[in-house]
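Numbering starts at 1 and runs along the sequence shown. Hydrogens, waters and symmetry mates play no part in the numbers below; they use all other heavy atoms, side chains included.
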Amino acid sequence: HINKSLFTLQSVIDKLHEKYHKKPMQTAQKGQFNSGGSSGGGATVHIPYRDSELTRLLQPALGGNSRTSIICTITPSQDAYQTTLTTVQFGLRAKKIKNP
């Protein structure tokens, strides 16, 4: 269950990053910009909080009005290069999330 929960947490972070950092799209028919939502300027994106128990518990911290700390541990080992790279990328995406 932990792998599914961590995968879902990564998916939630990715969706939150997309929601709050996606640039407005111009609609071809009306020539107007569409941010995909009326509040916060974020695009309309489904955040899969209910896909795991971990993200359900973390929902108020990730999507609410709170400060959240995430500690990402990495290794200098060359054997774990890809894992370290994806961990750092995850941390950078999580760091950029700013709830309105």
Side-chain angles (χ1 to χ4, degrees):
H1 293 286
I2 189 68
N3 286 339
K4 180 182 185 246
S5 293
L6 291 175
F7 177 78
T8 305
L9 177 60
Q10 180 175 352
S11 178
V12 166
I13 295 294
D14 289 343
K15 295 293 183 176
L16 286 170
H17 182 265
E18 178 183 334
K19 180 177 181 178
Y20 293 113
H21 290 90
K22 193 171 188 177
K23 294 182 179 179
M25 295 172 47
Q26 188 174 14
T27 58
Q29 297 173 345
K30 298 183 181 181
Q32 298 175 342
F33 286 95
N34 178 14
S35 66
S38 60
S39 64
T44 302
V45 176
H46 169 69
I47 312 297
Y49 291 116
R50 295 184 179 177
D51 289 357
S52 80
E53 190 67 29
L54 175 65
T55 53
R56 220 174 294 142
L57 291 170
L58 292 175
Q59 182 176 357
L62 295 172
N65 187 17
S66 63
R67 290 186 162 278
T68 305
S69 295
I70 297 177
I71 298 172
C72 297
T73 58
I74 59 173
T75 178
S77 172
Q78 186 66 20
D79 295 337
Y81 174 79
Q82 190 61 42
T83 303
T84 298
L85 182 62
T86 57
T87 301
V88 170
Q89 290 170 343
F90 170 80
L92 289 172
R93 283 191 306 273
K95 180 181 176 182
K96 291 180 181 178
I97 296 171
K98 303 274 192 264
N99 291 325

For [X] versus [Y], what's the shortest heavy-atom pair and its separation?
X     : Y     : answer
Ile97 : Leu16 : CD1-CB, 3.6 Å
Phe90 : Gln10 : CE1-CA, 3.8 Å
Ile70 : Ala94 : CD1-CB, 3.8 Å

task: Taking side chain to side chain donor-acceptor pair (under 3.5 Å) as the test, write out the residues that go with Ser52, two or more places apart.
output: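 Expected list: Thr55.
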- request: Output every pair passing salt bridge (Lys or Arg N to Asp or Glu O under 4.0 Å) with a member in residues 1-17, not counting sequence neighbours, ordered by first then second residue.
  value: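 Non-adjacent pairs meeting salt bridge (Lys or Arg N to Asp or Glu O under 4.0 Å): Asp14-Arg93.
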- prompt: Applying salt bridge (Lys or Arg N to Asp or Glu O under 4.0 Å), which residue pairs with at least one partner in residues 49-76 are found, sequence neighbours left out?
  reply: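 Salt bridge (Lys or Arg N to Asp or Glu O under 4.0 Å) check on residues 49-76 returns Glu53-Arg56.
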query: About how many Å separate CD1 of Ile13 and OG1 of Thr8, when rounded to the nearest 0.5 Å?
result: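 The distance works out to 12.0 Å.
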- prompt: Just how far is it from atom NZ of Lys96 to atom CG of Leu92, taken to the nearest 0.5 Å?
  reply: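 If we round to the nearest 0.5 Å, Lys96:NZ and Leu92:CG are 6.5 Å apart.
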query: For the side chain of Thr87 and the backbone of Thr83, is there at least one donor-acceptor N/O pair under 3.5 Å apart?
result: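 Yes, the answer is positive, given that a donor and an acceptor are paired below the 3.5 Å cut-off.
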Listing, residues 71-82 side-chain donor-acceptor contacts under 3.5 Å, not counting sequence neighbours, or none:
| from | atom 1 | to | atom 2 | distance (Å) |
| --- | --- | --- | --- | --- |
| Thr75 | OG1 | Ser77 | N | 3.3 |
| Ser77 | OG | Asp79 | N | 3.2 |

